[in-house]
Amino acid sequence: MKPLYVGRPNLPDKRVFLQYVEGIWERNWLTNDGPLVQQFEQEVSDLLGVRNVIAVSNATVGLELSIRALELSGEVIVPSFTFIATAHVLALAGLKPVFCDIDPNTWCIDPNKVASLITDRTSAILGVHLFGHPCDSVGLDASGLPIFYDAAHAFNCSGVGYLGELEVFSFHATKFINCFEGGAITTNNDELAAELRHLRNFGFTGLDEVSSIGTNAKMSEIHAAMGLASLRTLEVILERNRKNYKEYALLLRDVPYLFLRPPSDNMQYIVLEVNLDYREEVCEHLWKHKVYARRYFYPGCHKAVPYEREEHTSLEVTERACASVLCLPTGLAVTPGDVSYVCDLIAEVLK
Ligand code: T4K
C-alpha cells in the first residue's frame with residue numbers, strides 16, 4: 001500500500017501550469033506585481049466577493065504585514081488551538097499573545113471567553129477559521145476591538161474573505177489550493193489594502209519614495225501560475241474531498257470511541273475526535289501502516305516552549321481538543337479505496 005499523508009498537495013493539471021509558465025518566458029517578467037499575480041488576485045477577489053486581494057509569499061508573512069498595517073500594540077487575544085505560526089507572528093512583532101479557549105462545537109475562539117481577557121493593553125483579536133469553520137464574527141464584534149482573521153484553512157468556505165479588518169489565506173503546498181508557497185490578504189478597506197501593498201514591497205509608494213518600513217512579501221509569477229492552475233482544479237478537488245468525506249462517514253459510523261467532526265465547506269481536513277484513552281494507539285497503528293495521520297494542533301500553542309512559562313487562563317476545551325484530535329488523509333492523492341483502508345486500520349484498534 002502507498003503511504004498516505006495529511007497535506008499531500010492537490011496538484012493541478014501540469015499542462016495548464018506549463019501554459020502559464022510559457023507566458024512568463026515570453027514576457028520575461030518574473031516578479032514584482034506581474035500580470036499573473038494581478039490575474040490571481042482578481043480571480044480570488046471575484047471568487048470570495050471581496051474588494052481587495054493582496055497576494056503575498058506565504059500566510060505567515062501576510063499576518064506579519066497585517067499586524068504592522070493595523071498598528072497593533074500590547075496584547076492580542078488569540079486561540080491556542082491553532083498552527084504555531086498564528087502565535088509566532090504576534091510574538092515576532094513584540095506583542096503578547098493572550099490565549100483564549102475555544103468553542104466546543106466549532107473549535108474556533110469562543111467569544112464568550114474573550115471579555116475576561118481584555119485589559120487596557122489589548123489592541124485586537126486574532127481569530128482563526130480552524131479547519132475551514134468560520135469564527136463567530138458577530139459574537140467577537142461585541143468586544144468592540146479590531147478583529148482580524150487567520151483564514152489559512154478557509155479558502156472557498158462560505159462566509160469568509162470579508163470579515164473584520166482583514167483575513168489572511170494560505171496557499172501553501174498542503175492547502176486546499178496551492179501556489180507551492182503563497183498567501184493572500186483580503187479586505188474591503190481600500191486604505192488598508194493600499195498600505196498592505198506598500199508594506200509587501202519594502203514600503204515603496206513610488207519609484208523613489210518610501211513611506212513605511214516594509215519588507216519583501218511579494219508573490220512571484222511562477223507561484224501565481226501554480227495558483228491560477230490550481231483555481232481551475234478547484235471543483236475537482238472539492239468533488240474528491242466530498243467523496244472521501246462521505247466514505248469516512250459511512251465506514252466509521254459504527255466504530256466506537258470516535259466522532260467524525262462535521263466538514264467545513266472545502267472539506268480540506270478530515271478531523272476525528274478519538275476517545276482520549278485510545279488516540280495515541282490509533283495514531284501509532286496508522287503510522288505503522290504508513291498512514292501518516294496528524295495530531296493538528298497538539299499540544300496547543302500555550303504549551304510550546306516560547307509560551308509555556310506565561311500564565312494562562314483555563315484552556316479546558318483546548319486541552320481536550322489537543323488530547324483527542326486526529327486528522328486523516330484526504331485530497332486528490334487519496335481515493336475512496338484508500339479511505340476504506342484507513343478506516344479498516346482504525347477499526348482494528350477500536351473494535
Ligand atoms: N495559520 C494556520 C492556521 C496554518 O495552519 C498555517 C499553516 C499558517 C497559518 C501559515 O501558513 P503558511 O505561512 O505556511 O502559508 C504544514 C504546513 O507547512 C503549514 O503551511 C500548515 N499550516 C500546517 C497545518 O501544515 P507541517 O509542519 O505539518 O508540514 P509537513 O512538512 O509535516 O507536511 C505535512 C505533510 O504533507 C507531510 O507529511 C507530507 C505532505 N507533503 C508536504 C509537502 C510540503 C507532501 O506530500 N508534499 C509537500 O510538498 O505544516
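Each ligand, and each atom within it, is numbered from 1 in the order the structure gives.
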J.: Give the atom numbers and elements of ligand 1 that come within less than 4.0 Å of a heavy atom of V6.
T.: 34 (C), 35 (C), 36 (O)
J.: Where does the angle between the aromatic ring planes of Y292 and Y5 fall among parallel (under 30°), tilted (30 to 60°) and perpendicular (over 60°)?
T.: parallel
J.: Ligand 1 and Y5, any nitrogen or oxygen pair closer than 3.5 angstrom?
T.: no
J.: Are any of the side-chain heavy atoms of T60 and H88 separated by less than 4.5 Å?
T.: no
J.: Could you tell me how the ring of F155 sits relative to the ring of F171: parallel (under 30°), tilted (30 to 60°) or perpendicular (over 60°)?
T.: perpendicular
J.: Answer yes if a protein heavy atom lies under 4.0 Å from atom 31 (O) of ligand 1, otherwise answer no.
T.: no
J.: Could a heavy atom of Y296 be found less than 4.0 Å from some atom of ligand 1?
T.: yes
J.: Would the distance check show the side chain of E221 and the main-chain N or O of V37 forming a donor-acceptor pair, the cut-off being under 3.5 Å?
T.: yes
J.: Check the angle between the aromatic planes of Y296 and Y269 and answer parallel, tilted or perpendicular using the 30° and 60° thresholds.
T.: perpendicular
J.: Looking only at distances, please establish whether an N/O atom of ligand 1 is found under 3.5 Å from an N/O atom of A59.
T.: yes
J.: Which ligand 1 atoms are under 4.0 Å away from a heavy-atom of G182?
T.: 15 (O)
J.: Taking atom OH of Y245 as the centre, does the number of heavy atoms from other residues, nucleotides or ligands within less than 6.0 Å exceed 12?
T.: yes
J.: Looking at P9, which atoms of ligand 1 are within less than 4.0 Å of one of its heavy atoms?
T.: 45 (C), 46 (O), 47 (N), 48 (C), 49 (O)
J.: Among K175, Q268, H172, which one puts a heavy atom closest to atom 21 (C) of ligand 1?
T.: K175
J.: Measure across D33 and Q38 and return the closest heavy-atom pair with its distance rounded to 0.1 Å.
T.: O-NE2, 2.9 Å
J.: With backbone taken as N, CA, C and O and side chain as the heavy atoms from C-beta onward, which portion of A152 lies under 4.0 Å from ligand 1: side chain, backbone, both, or neither?
T.: side chain
J.: Within the 4.0 Å heavy-atom shell around S170, which atoms of ligand 1 are there?
T.: 11 (O), 12 (P), 15 (O)
J.: For T82, counting its heavy atoms only, list the atoms of ligand 1 lying under 4.0 Å from any of them.
T.: 3 (C)
J.: Against heavy atoms of T86, which atoms of ligand 1 measure under 4.0 Å?
T.: 1 (N)
J.: Would you please determine whether E181 falls within less than 4.0 Å of ligand 1 on a heavy-atom basis?
T.: no
J.: Please give me the minimum heavy-atom distance between L315 and S80, naming the atom from each residue.
T.: CD1-CB, 4.3 Å
